[in-house]
Structure formats: C-alpha cells, structure tokens
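The chains referred to below are lettered A, B, ... by the order of the sequence lines, with proteins before strands, and numbering in each begins at 1.
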Amino acid sequence: MEFEFVPVDYDYFDFEGRNYVRLVGRNGKGEKVCVVDSYEPNFYLVLKEGADAENIVDQIKDVSVEKASRITKVLRTEILDKKFLGKNVKAIRVYIDNHKDAHEIASAIGDIEGIDKRREYDIPIITKYIKEKKVEPLRRYRVRGRKMEDGGQGLSIPCFEAQEILPSKNDEEFTPKILAYDIETSDRELGKGDIFMISLYGEGTRSETSRGDGQQVTGDREDSDIFKKVLTWKHCEKKEDYMEFYESEAEMLKGFVKHVNEYSPDILAGYFSDGFDLPYLKGRADVHKVKLSLGIDGKKPNFTRGRIPSGKIAGIVHVDLYRFIDAVFSQYLQSETLSLNEVARELVGEEKEDFDFVKLGNMSDSDWYDFISYNLQDSAVTYKLAQKIWPDVAEFTKIIKEPVFDVTRDRMATHVENHIIHNLDRFNEIVDKRPGFAETNERKMKGKFEGAFVFEPKPGFYEDLVMFDFTSMHASIIVSFNVSKATLRSDCEGNHQTPEFVLDGEKTRVCFSKEAGFFSTLLSEVVDKRKKYKKEYFANENPMTKARSNAYKLLANATFGYQGFFGARYYSRESAAATLAFVRKYTHDTMNKIEDAGYTIIYGDTDSIAFLQNSKSKDEIMKFLGEINDDLPGIMELDLEDFYSKGLFVAKRGSTTGAKKKYALMDSRDKIKIRGFETVRRDWCKLTRGLQSEVLNLILTDGNEKAALKLTKETIKRLKDRSVDFEDLMIRTQLKREISDYTATGPHVVAAKKMVAAGVAVSPGMLIEYFVGEGSGKRVGDRVYLAGERVKYDIDYYLGNQIVPSVEGIFNVFDVNVKDIVSGSKQQKLF
DNA sequence: GGATACCCTTTACC
DNA sequence: ACGGGTAAAGGGTATCC
C-alpha cells in the first residue's frame with residue numbers, strides 16, 4: 001500500500017546480522033506509524049595517487065571480523081571517482097554487513113599499500129542513513145510499503161516495511177502533537193526522595209493535528225480540547241477535574257504510563273527533564289518494580305551516556321527544552337538564568353505562581369491543593385514554551401537534517417558539522433574523520449591566536465554619534481577569501497593571501513585558493529538564505545519566518561568558531577587565525593578611511609566602529625557608507641548600525657584610560673543601550689544595578705548629571721539608614737564547578753559551603769546567593785551570609801564595594817567626585 | 001606591615 | 001567534548017620594600 005509519511009524519530013535495529021532503520025512518524029491521516037527501511041552499511045577507502053584500485057579490492061574482498069555472535073564481512077566494493085578535502089581522488093566504497101563493525105573492518109583492512117585514508121566509518125548510522133537515502137526529518141514522503149505482522153517487532157503502532165520512499169509534492173508544514181510533563185518530589189536529589197505528583201499538559205487530542213495553512217494552532221480553544229492532569233498519591237479536600245488521586249506512588253507511575261500511551265504524542269517535552277524528571281521517574285519505577293513502558297516497543301526510557309545523559313523513549317521524541325535553549329537559544333535571550341520561570345516569562349510572557357518549598361516539611365491540606373495546581377502550571381508553561389520554540393526546532397531540524405532528538409541536544413559545533421556532512425554529496429566529497437583522543441589533546445594544547453581589535457575610547461559624554469558594523473563579518477570573510485582547511489594553500493601564486501599575522505610567536509601569511517571549496521560554498525548559501533529569510537520575515541512576521549531567519553543567522557555566526565574548535569572534523573587553526581587577521585585588517589582600514597574623511601572615532605569592537613557625526617547630515621553619512629562598501633571585497637558589507645544622540649564612555653576603575661566594552665548610548669527614539677556596565681552584570685546586587693541604571697538613564701536623558709547625583713545621595717542615605725531591603729543586597733554568583741575543585745575560595749564558594757553545611761543540595765551551575773554582613777573578618781568571605789540570617793548588612797562594604805564604584809566612573813566624566821560626597825566633605829567645584 | 005603584583009574566577013562584548 | 005578571542009573587575013594571597 002502507499003501512504004503519505006512524515007519521519008519524526010529515527011532508530012535502528014539488527015535483524016539476522018543486518019542493519020535496519022526504523023522511522024516513526026505520522027501518516028496522511030495523522031496516525032502514528034512506523035516505517036522500516038533497509039540500509040547498506042559502507043565506508044570509504046581513499047586511495048593514493050596512482051594506486052592500483054583493482055588490486056586493493058582483491059586484497060580486501062575476503063576481510064571479515066567476528067564479534068560476539070556476529071560475523072561482518074566485506075560484501076561488495078565500488079571503485080569511484082570522488083573528492084576528498086576538495087582534491088580529486090580514486091576511492092573504494094566498501095559495503096559490509098553491519099555498521100557497528102565498520103570501525104573494526106576498517107582497522108582490519110589496515111594500511112594496505114595504496115590506501116591513503118579510511119573514512120566515514122565513524123559517522124553514526126542514522127546520520128549515514130539520512131545522508132545516503134535522503135529520508136529527512138519533518139519532510140513529507142510517499143511511502144510504498146508492506147504492512148508487517150505484529151507491528152514489526154511487537155510495536156504498539158502499525159508498521160510498514162518500505163519498498164520505496166519518495167519525496168511528496170505536499171509541502172504542508174508538519175505540526176507535532178506535544179505533551180508536556182513535570183514532576184514534584186520530596187528531595188531534589190535522585191535516589192533520596194519520592195515523587196509526589198506528575199503533571200501532564202497538551203492540546204488537541206483530535207487525531208488530525210495539522211492545519212492546512214501551516215500556522216500554529218493556539219489560543220481560542222475549547223477547554224475540553226485541552227488535556228491536563230495531575231497524578232498524585234497525596235490528597236487534598238478541594239478537588240478539581242484535572243486531579244487524579246492514586247493509592248500509592250507505584251499506582252501513580254502506572255497511571256502516568258497509561259496516559260502517555262493513550263495520548264501518543266510525537267513529542268514529550270520537559271524542562272531539565274534529561275537531568276531530573278525522566279531519570280527520577282525511571283529510578284522510582286525501578287524501586288517499585290513498575291515497568292515504565294513509555295516506548296512504542298513497550299520498553300522503558302534508555303539513557304545515552306555522554307557529558308549529560310539524554311533520555312530516549314522509543315517512538316516518542318523526548319525533548320528537554322532546557323537543552324535546546326541552553327545550546328542554541330540562550331545567547332539571544334535576556335534572561336539571566338535559564339530557569340523555567342525566567343525563560344517562560346521572556347519567551348511566552350507567562351508568569352507562573354510560585355510555591356514556597358519551605359512548606360514541604362509541614363504541609364496543610366490546602367498547601368497540597370496549592371502544590372498540585374503549581375505542578376499543573378509547570379506543565380502548562382512547559383507546553384507553551386514548547387509551542388513557542390517548536391518553529392525553531394523544526395527549522396533547525398530541516399536545515400541540519402538530523403533527528404529532532406539530536407537537534408534539541410547538540411551544541412552549535414555539532415550543528416555546523418552535521419549541516420556540512422548532510423550536504424557533502426552535492427560536492428561528491430567524502431567526509432573527513434573526527435579527531436581521535438591524541439589529536440584532540442594536541443589541538444587543545446596549542447595556545448590562542450590573536451583575536452579582534454578593540455578601540456580604546458576616550459572617557460567622555462558625546463553627542464550625535466554614528467555606528468557602522470560589518471554584517472556577519474567572520475562569515476563574509478570566510479566566504480570572500482575561501483578560508484578553510486581544504487582550500488588552504490602553501491603556494492600563494494594566484495591565490496588569496498592573508499595579511500601578515502602572528503601564529504605561535506612567528507609572523508606568517510597563509511593563502512587560500514581562489515576557487516571556492518565546499519566549506520565556503522555552503523557558508524555562502526547559509527549567508528544568502530539568512531538574507532533572503534530576513535527579508536521574508538520583515539515582509540511577513542510570523543514564528544516560522546522568524547525561526548528560519550534566526551536559524552541561518554545562528555549557523556552563519558557559529559561557523560567561524562567551528563574552524564577553531566578542537567573537536568571539529570574540519571578544524572583549521574590557520575583558517576581561524578587567518579579569518580581574525582582579515583577581521584583586524586578590514587576594521588583598521590575602515591577606521592582609517594573614516595578618520596581620513598575627517599571624522600573622530602570614539603569606539604569600536606571587532607566589527608563595529610562608532611564616530612562623531614560632525615554635523616554632517618544622515619544622507620551624507622549614508623553616501624559615505626556607500627563609498628566604503630564599493631571598495632570592500634567579495635560579499636563583505638558594512639552596514640549602518642544606528643545613529644545615537646548621546647553616548648557615555650567611562651574610564652577603567654582607578655585609572656584614566658578608557659574602559660573597553662563598557663558604554664551607554666541613546667538612539668534617536670530615546671531608547672537606551674547599555675553595554676558592559678554593572679547594570680547588565682548579574683553578579684552585582686540589585687541596589688547597585690538599579691541605581692546605576694537610573695543614573696545612566698538620567699544622564700543620557702537630561703544631558704547632565706544633576707538629577708543622577710541627587711538620586712545617588714538619596715540611595716546612599718537609605719543604605720546608611722539601614723532601610724534597604726535585604727533582597728536588594730543579595731549578590732548572586734554562579735558556582736561553575738564542584739566546591740572541592742576550587743583553588744581560590746571566593747565569597748560565593750564560602751556561601752556554597754555554608755549552604756552545604758545547612759543541608760542544602762549544592763551543585764555546579766547553581767546561582768549562589770549571599771549578602772555581606774557585619775563581622776570582624778578581614779576578608780569578604782568571612783562576612784558572607786545566606787538569605788534569612790539575622791545579621792546586619794555591612795554598610796561600608798555596600799558603600800565602598802558596590803554603590804560608589806558603580807557610579808564613580810560615570811560622575812568622573814562630569815568632574816564630580818562621589819567619594820567626597822560619601823565622606824561628607826564638600827563637593828569640589830572645578831567650574 | 002602596608003602597598004601591590006599576580007592569579008583565580010565570573011561575567012560581559014562581539 | 002560538543003564555536004572563538006578580548007576585556008573588566010573583585011577577591012585572595014604571595015611578594016616586595
């Protein structure tokens with residue numbers, strides 16, 4: 001039979017020693033089905049020039065490897081004309097029984113005369129399958145297949161053995177069925193507590209979940225269309241329809257499995273769920289000997305090992321939204337932490353009600369009611385967050401062409417690499433290998449190379465500034481000069497030459513071929529698509545167009561870093577260093593042009609230049625920009641960032657030299673942009689940040705320091721009067737490693753130790769909160785106190801180490817000495 | 001014994 | 001293991017005179 005099919009999840013299994021790929025997705029009717037496809041495992045032997053391919057084939061045709069209960073042999077070979085790192089090569093494609101043994105077969109073949117390299121045995125089987133058979137996630141296909149007995153392998157959904165899978169003409173956007181979940185426990189630490197309750201939240205229990213126009217279905221739903229549950233073995237008097245009460249934790253776990261199975265989502269979404277919810281559920285199920293059979297194969301979740309374990313469920317994509325936000329999204333968020341509450345507030349504008357966990361020790365009946373509704377809210381917010389970022393996940397999945405499960409967990413370097421791998425067939429290019437342990441270490445040992453240039457500003461208060469910046473500067477350089485491992489040339493004749501730069505203490509220049517390689521071609525496509533979709537987004541603003549534009553931007557911006565990343569297949573230290581040499585050259589050249597035209601440069605960082613408008617009109621500035629652009633090579637482009645009516649630049653503390661990466665600007669719409677100041681640093685207390693932010697606002701708005709000075713005096717008075725709230729004095733610093741791993745014990749480490757002593761679970765990644773109180777200790781660390789400790793706050797500390805330093809530099813620009821004001825002496829009037 | 005140079009650490013900028 | 005380099009700054013301690 002033939003049917004429409006959208007692959008969502010990928011898995012593989014062995015049958016009679018051969019590999020099969022199992023795709024789980026939705027058919028045209030919106031039913032969850034499984035498609036089993038065959039796969040022929042293979043890898044390449046790249047031959048040396050002039051090697052006798054036939055002879056090598058003869059030598060390897062009988063190679064086999066025996067493992068456990070399996071024998072893998074060389075089944076057949078193909079002699080092909082391929083490319084490797086851009087060079088034409090003869091290659092032998094070796095087909096074998098089982099991909100798991102590809103590495104060993106490659107090793108068994110060994111260094112036969114004429115073989116230069118062995119490649120592609122180290123690519124995961126699902127990646128190889130998608131790359132070779134072009135059955136890509138979230139795209140629509142027509143599948144011709146035979147229904148398998150018993151769902152193939154005892155699966156709970158219909159299964160089809162694929163005879164043919166072809167792209168469908170239908171390009172309708174796929175809308176997944178999402179179920180969000182969240183648990184509440186008696187102890188954060190796994191193995192210490194039990195699970196009080198499990199909440200579930202989803203929308204659209206209808207079987208057909210996609211709408212013809214490809215838009216998200218949100219809002220105006222009937223409440224009956226919302227699926228919401230809290231399963232618990234605790235009790236409360238007041239009951240709601242969504243509450244389900246169980247006799248025991250074990251029964252509740254069974255209920256959870258039943259609901260998930262019945263709902264049959266494409267995506268099970270949680271927040272921190274790889275590290276908390278799912279392992280906790282599995283742990284408690286093991287204790288109670290309840291089978292957590294969430295998978296379509298009736299099996300319990302499986303945890304893939306890695307830096308962070310990833311919870312995998314057969315046939316359901318378990319998505320930990322935190323992982324995706326952390327890896328891909330966070331750099332564009334304002335949130336200071338990635339807590340569900342804060343991220344949800346920023347992305348979906350939803351504030352969830354807080355529950356006071358201190359109560360847990362002594363819960364009243366109505367407390368339990370509150371706790372249960374709190375738990376439901378967490379799932380509801382998680383669901384809304386999942387809906388919000390689904391367009392981004394989907395776009396990334398379609399661009400990178402890896403399964404949703406991986407796309408939501410991989411970091412940017414892996415995305416860049418997978419994007420390359422899935423597009424190399426177009427260049428007839430064999431994929432290079434991942435560096436081994438020794439090579440990775442060697443790369444890590446190498447020192448840094450010179451980076452970008454930052455202009456030292458002269459402290460002052462300026463009016464009418466212009467800022468130019470290069471659009472995707474690093475990417476545009478890589479594209480314009482073909483900067484990559486495969487296009488690096490020792491001979492500079494007829495090739496692009498870099499400016500001179502220092503690498504490992506030696507002055508050098510490197511060159512890149514003028515003929516574009518796959519790396520720069522792919523990146524130029526990414527940059528082009530970024531431009532195209534950015535336009536499309538501005539013309540038609542919706543989550544899809546925004547996600548598409550954003551995904552290409554992220555990919556373009558991460559590509560430079562990829563070339564300098566030690567784990568990259570296409571690592572090239574020379575390329576990364578050369579890109580930066582070009583960055584410095586074009587920034588300097590452009591600065592010179594701006595100065596030569598009579599302008600005064602105020603500041604610049606990496607790819608931006610700010611200068612005084614000099615009473616020139618905006619039109620004249622734009623014409624000047626056009627002239628600069630006429631001279632820029634390749635796809636390099638200088639853009640107008642904005643015009644600013646005012647700008648404040650300060651000196652470094654205790655110095656008169658201008659501070660880099662610290663400034664405040666006000667644009668033509670009176671919108672203020674603050675960079676680097678304590679205002680935007682989360683490790684300064686609220687009182688300081690609030691005051692400094694107000695001071696900057698008043699100065700930029702009023703054009704003088706008078707009102708700001710008044711506010712500062714008032715704040716100092718409040719502090720001295722002890723009328724400042726402790727909450728405004730809390731200092732928050734992230735604990736980045738285990739307490740025992742610190743060589744220097746700063747205040748936040750002292751605070752973390754205090755927390756441990758008080759029985760609070762402390763782990764790397766946590767934000768440690770403390771305030772500085774009175775005491776005899778000389779070190780700040782001796783006067784660190786946790787919230788709630790009955791100690792007076794240290795006025796001198798907050799004055800001398802927080803308030804004064806944060807505004808001192810700002811007032812210095814106006815020749816006002818804040819220290820004199822604090823000590824009570826008369827303000828020096830220098831004018 | 002006080003100033004300060006230096007290292008460790010966190011966070012921000014691009 | 002899962003882009004890069006540049007920079008400000010505080011706190012703690014070793015070191016200098």
- Note on the structure: Judged by nearest nucleotide, the residue sitting upstream toward the 5' end of DNA chain C, Arg653(A) or Lys448(A), is Lys448(A)
- Item | Closest listed nucleotide, where the reference is the side chain of Ala558(A) and the choices are dC8(B), dG3(C), dT11(B) | dG3(C)
- Message: OP1 or OP2 of dT10(B) versus the side-chain N and O atoms of Tyr742(A): is any pair under 4.0 Å?
- Response: yes
- Rounded distance in Å - CZ (Arg443(A)) to P (dG3(C)): 14 Å
- Query: Hey, does the side chain of His748(A) come within less than 4.0 Å of dT10(B)'s phosphate (OP1/OP2), counting only N and O?
  - Reply: yes
- Item | No-hydrogen, no-angle side-chain donor-acceptor test under 3.5 Å, Glu678(A) and Thr688(A) | no
- Message: Taking any heavy-atom pair under 4.0 Å as a contact, classify Thr745(A): base, sugar-phosphate, or nothing.
- Response: sugar-phosphate
- Phosphate oxygens OP1/OP2 of dC14(B): is one of them under 4.0 Å from a side-chain N or O of Tyr663(A)? yes
- So does Tyr797(A) get a side-chain nitrogen or oxygen closer than 4.0 Å to the phosphate oxygens (OP1/OP2) of dG11(C)? yes
- Starting from P on dA12(B), measure out to CZ on Phe677(A) and report it in whole angstrom. 15 Å
- Task: Measure the distance from CE on Met412(A) to P on dC14(B) and round it to the nearest whole Å.
- Result: 20 Å
- Query: In terms of side-chain heavy atoms, does Gln334(A) have a donor or acceptor partner in Glu346(A) at a distance below 3.5 Å?
  - Reply: no
- When we call it a touch if two heavy atoms are under 4.0 Å apart, what does Gly564(A) touch: a base, just sugar-phosphate, or nothing? sugar-phosphate
- Nearest of dG5(C), dC14(B), dA12(B) to any side-chain atom of Phe449(A)? dG5(C)
- Query: What's the closest nucleotide to the Val680(A) side chain, out of dA12(B), dC14(B), dT11(B)?
  - Reply: dA12(B)
- So what does Ala576(A) hit on the nucleic acid, given a heavy-atom distance under 4.0 Å: a base, only sugar-phosphate, or nothing? nothing
- Heavy-atom check, side chain of Cys685(A) versus side chain of Tyr798(A), under 4.5 Å: yes
- Show your reasoning for whether side chain to side chain donor-acceptor pair (under 3.5 Å) applies to Ser520(A) and Asn482(A). CA-CA 5 Å; Ser520(A) 50; Asn482(A) 290 320; 2.7 Å; yes
- Message: I want to verify a distance call: between dC13(B), dG12(C), dA8(C), whose nearest atom is closest to the Val780(A) side chain?
- Response: dG12(C)
- Mind calculating the distance between NZ (Lys661(A)) and P (dA12(B)) to the nearest angstrom? 14 Å
- Query: Which is true for Glu417(A) with a 4.0 Å heavy-atom rule: it touches a base, it touches only sugar-phosphate, or it touches nothing?
  - Reply: nothing
- Do other residues, nucleotides or ligands put more than 12 heavy atoms under 6.0 Å from Lys458(A) NZ? no
- Message: Check the phosphate of dG12(C) against Arg779(A), side-chain N and O only, distance under 4.0 Å to OP1 or OP2. Yes or no?
- Response: no
- Query: For Arg584(A), which contact category applies under a 4.0 Å heavy-atom criterion: base, sugar-phosphate, or nothing?
  - Reply: nothing
- Could you tell me whether the phosphate oxygens of dA1(C), OP1 or OP2, come under 4.0 Å of any side-chain nitrogen or oxygen in Asn441(A)? no
- Query: OP1, OP2 of dT11(B) versus side-chain N and O of Arg732(A): anything below 4.0 Å?
  - Reply: no
- Remember a base hit wins even if backbone is also touched, and classify Glu456(A) as base, sugar-phosphate or nothing at under 4.0 Å, heavy atoms. nothing
- Query: Does dG3(C) have a Watson-Crick or wobble partner in any strand here, with both distances under 3.5 angstrom, and which is it?
  - Reply: none
- Task: Mind calculating the distance between NE2 (His415(A)) and P (dA1(C)) to the nearest angstrom?
- Result: 19 Å
- Gap between atom CD of Glu456(A) and atom CD1 of Ile601(A) - 0.5 Å precision: 14.0 Å
- Which nucleotide in dC2(C), dT11(B), dG10(C) has an atom nearest any side-chain atom of Trp684(A): dG10(C)
- Message: For dT11(B) and Gln734(A) - does any side-chain N or O of the residue sit under 4.0 Å from the phosphate oxygens OP1/OP2?
- Response: yes
- Query: Contact class for Asp607(A) (heavy atom, under 4.0 Å): base, sugar-phosphate, or nothing?
  - Reply: sugar-phosphate
- Message: With a 4.0 Å cutoff (strictly under), does any side-chain N or O of Lys662(A) reach OP1 or OP2 of dA9(C)?
- Response: yes
- OP1 or OP2 of dG3(C) less than 4.0 angstrom from a side-chain nitrogen or oxygen of Arg411(A), does that happen here? yes
- Base, sugar-phosphate, or nothing: which does Asn801(A) touch, judged by heavy atoms less than 4.0 Å apart? sugar-phosphate
- Under 4.0 angstrom between Thr743(A) side-chain N/O and dT9(B) OP1 or OP2: yes
- Note on the structure: With the side chain defined as heavy atoms from C-beta on, Glu450(A) is closest, among dT9(B), dG4(C), dT6(C), to dT6(C)
- Electrostatic pair Asp406(A)-Arg409(A), nearest N-O below 4.0 angstrom: no
- Measure the distance from NZ on Lys778(A) to P on dA3(B) and round it to the nearest whole Å. 11 Å
- Message: With no hydrogens and no angle check, just 3.5 Å: does a side-chain donor-acceptor pair link Thr579(A) and Gln563(A)?
- Response: no
- Task: Find the distance Ile400(A):CD1 to dG3(C):P and express it as a whole number of Å.
- Result: 13 Å
- Query: Under 4.0 Å: is that the gap between some side-chain N or O of Arg675(A) and OP1 or OP2 of dC14(B)?
  - Reply: yes
- Message: Can you measure Arg682(A) atom CZ to dT10(B) atom C1' for me and round it to whole angstrom units?
- Response: 9 Å
- Query: Counting side-chain heavy atoms from CB outward, which of dA9(C), dG5(C), dT11(B) is closest to Lys736(A)?
  - Reply: dT11(B)
